[in-house]
Amino acid sequence: MLRSPFFYFIILLFLFSCEEKKTVNLKTEAIRKEALFRRSKAIENFDKQNFNTSFYQFNKSKALYEILKDSANISYALIKIAEIHQRNGDYYGSKELATEALLFSKEEGGDNTGSMYNLLGIADKELSLYDDAIYYYKLAAEQYKDPLFKQAPIQNIATVYIHQKKYGKAIPILDSLLQSLSSESLKKRATPDDKSTLIDNLGYAYFKNGMEDKGFHLMTEGLNIRIDRQDTYGSIESYLHLADYYSKKNVKKSDENALLAYKVATDINSIDERLEALQILISNDNSPNTNKYIQQFFTLNDSIIKVRNNFKNKSAKIKYDAKKEKDENEKLRLEKAENQLSLQKAKYLRIVFVIVFVFLVILIAILIRYYKNKNKAIEFKSSYDTETRISKKIHDELANDVFQVIAFAESQPLAVENTKENLLQKLDDIYGRVRGISKENNKIETGKDFTKSIKEMLSAYNTVERNIIATNLESVNWEEVDEIKKITIGRVLQELMVNMKKHSKASLVVIKFDSDQKSILINYTDNGIGCEKTKISKNGLQNMEHRIQTVKGTIEFETEPQNGFKAKITIPK
């Protein structure tokens, strides 16, 4: 199997560093006590829903457990941080952390993998990646030997089917789970809350599947159990389901249930459920307070967006501070490390630099060749511009820097600690630029994951200050679209994003997809600074025209200074 040149380079640096470092004895017991204290504080604040403080303390405990190489507690801290991200609406961040936690859990043979898979399933469900959510829920269920623990992920699968309107699949799952609660093995251990949740979801599935009387009876039974049990949070879901049931039968009763859900959700500060209740009230439009509900909805929605953005900012700062502190601690531990590099090692490094550069040039040349063969339908002008851009990046951003690093290594005393750190920093900068070039020219997925890859590409340009919104992407039947046109669409969208990031200064970008019998329609709009039409070529947008023309499509630009930028793309099916 062919390895990246950087793989061998990193291995070589690792071997050198192993010779240079001496083991530094730390006060392990003191670190362990501090880690346990931070972990306890984190759990305490998590239970009180003080998520910012909990996040900070979990992050501190994780850093300390990393020093101790305690995989079990690292995994636990990561999964709790992932849950905090999820509760603050950052589902991509939650997935990233849960995946990292899963790796540590497998490393130490932990038994928390079921909850981690379940967390990944929840994140994908909230991102409307329903097939992926079902996949993770099934993995979660497989991890549990106890049939009672299996109930939660299996019930989550049924919930996803309800979201997909596949009620015929959800009903037998929920019915089977409900019957199993009556078995001897689970009857004494299952709680009334377990039963009420199943009854309510089963009733809702029956109602949505056309069996309204049966569904109503079960939803009412579930609500009564929850009221008797004083299950405040669970009652919200029951009221929302009944509000949906009555919306086409008795709008007044629908409003009553929606208002009950809103009141309970307000009492326990459950904002998502408050928004759902307001949506039903607004949709019913059966009250003189409708305008008030609309205003409350927008106020709440803006508030939760602000809170979640603030959380992202704070979590990013906490991560940055933790990394900075970790780096500083690393320097302290290495103060007594051996700081001698022989001339022979310096020679080896120079050789490695040359090999890395040669391998890099060969690799990029192969990528360029592959790109040309894969997209024969793209005209010479577009291919030439792409090659020129990559070549210029190699020359301007990599070649000179590599030779400067070689000269630096030859002329500076590498035994000096600061010189060695400067050398590693320069190498890290070069590596980052190589990854940047690779990311800008990576492969466009054209199979069943095409829409997923487009979403992920667009979401990469989301920031706290900039919001990317893509609508109706799934409304297009992409199976009818050939591979070359998908590649063209992916590249053009990527170039629009790069152009927007470099020139537009936009805070909002909306990309709307549509189709008719003959064409695919894509409308791009941003609220950036715009430009003169005569300067479009300077922003590199002419390259998009060449791409679109090769598939017999059209692209029209509409832009003026300070009035944003619009592009209308039409591609024949």
Exercise. Do Tyr167 and Tyr161 have their ring centres less than 6.0 Å from each other?
Worked result: no

Problem set entry | Residues Phe55, His85; criterion ring pair (Phe, Tyr, Trp, His ring centres under 6.0 Å); working and verdict | CA-CA 9 Å; Phe55 181 97; His85 274 272; 5.5 Å; yes

Indicate yes or no: at least one non-hydrogen side-chain atom of [X] is less than 4.5 angstrom from one of [Y].
X      : Y      : value
Ile134 : Leu129 : no
Leu275 : Gln279 : no
Val509 : Asn467 : no
Ile74  : Glu66  : yes
Ile520 : Thr570 : no
Asn118 : Asn156 : yes
Arg547 : Glu495 : yes
Met497 : Ile511 : yes

For the [atom1] atom on [X], are there more than 12 heavy atoms of other groups (residues, nucleotides or ligands in this structure) within a distance under 6.0 Å?
X      : atom1 : value
Glu96  : CD    : no
Lys573 : NZ    : yes
Tyr92  : OH    : yes
Glu560 : CD    : no

Give a yes or no on whether the backbone of [Y] and the side-chain of [X] come within a donor-acceptor separation of less than 3.5 Å.
X      : Y      : result
Ser54  : Ala42  : yes
Trp478 : Leu473 : yes
Asn472 : Ser475 : no
Thr488 : Ile484 : yes
Ser504 : Lys501 : no
Thr299 : Gln295 : yes
Ser283 : Ile280 : no
Thr559 : Gly530 : no
Glu445 : Gly447 : yes
Asp514 : Leu521 : no

So, are [X] and [Y] salt-bridged, with charged N and O less than 4.0 Å apart?
X      : Y      : answer
Asp244 : Lys208 : yes
Glu556 : Lys566 : no
Arg87  : Glu83  : yes
Glu483 : Lys486 : no

Seminar exercise, completed: Of Leu119, Leu120, Ile81, the one forming a side chain to side chain contact (heavy atoms under 4.5 Å, CB included) with Ser94 is Leu119

Problem set entry | Positive for side chain to side chain contact (heavy atoms under 4.5 Å, CB included) with Ile364, one of Val361, Ile368, Ile362 |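 So, applying the side chain to side chain contact (heavy atoms under 4.5 Å, CB included) to Ile364 and each of Val361, Ile368, Ile362, only Ile368 qualifies.
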
For [X] against [Y], the heavy-atom pair lying closest together:
X      : Y      : answer
Ser75  : Ala101 : OG-O, 3.1 Å
Gly121 : Ala133 : O-CB, 3.3 Å
Ala140 : Gly114 : CB-O, 3.3 Å
Ala170 : Ala158 : CB-O, 3.5 Å

For this session: Check the pair Phe58 / Ile84 against side-chain contact (heavy atoms from CB on, under 4.5 Å), numbers first and verdict last.
Result: CA-CA 10 Å; Phe58 271 125; Ile84 292 171; 4.2 Å; yes

Nearest 0.5 Å please: distance from the [atom1] atom of [X] over to the [atom2] atom of [Y].
X      : Y      : atom1 : atom2 : value
Leu97  : Met116 : CG    : CE    : 11.5 Å
Ile162 : Lys169 : CD1   : NZ    : 13.5 Å
Lys485 : Thr446 : NZ    : OG1   : 14.0 Å
Asn59  : Lys80  : CG    : NZ    : 15.0 Å
Gln86  : Phe51  : CD    : CZ    : 11.0 Å
Ile454 : Gln494 : CD1   : CD    : 8.5 Å

Taking atom types as modelled, is there a side-chain donor on [X] or [Y] under 3.5 Å from an acceptor on the other?
X      : Y      : result
Asn527 : Ser507 : yes
Thr113 : Gln143 : yes
Tyr524 : Asp526 : yes

Exercise. Given Leu102 and Tyr117, is the side-chain contact (heavy atoms from CB on, under 4.5 Å) satisfied, shown in steps?
Worked result: CA-CA 8 Å; Leu102 192 60; Tyr117 283 131; 3.5 Å; yes

For this session: Kindly indicate, with the supporting measurements, whether the criterion side-chain contact (heavy atoms from CB on, under 4.5 Å) is fulfilled by Glu545 and Phe557.
Result: CA-CA 10 Å; Glu545 292 183 305; Phe557 303 112; 3.8 Å; yes

Problem set entry | Arg466 and Leu508: CA distance, side-chain angles, deciding distance, side-chain contact (heavy atoms from CB on, under 4.5 Å) verdict | CA-CA 6 Å; Arg466 180 173 57 244; Leu508 178 64; over 6 Å; no

For this session: Can you run down the side chain to side chain donor-acceptor pair (under 3.5 Å) pairs that involve residues 127-140, sequence neighbours left out, and say none if there aren't any?
Result: Asp132-Lys452

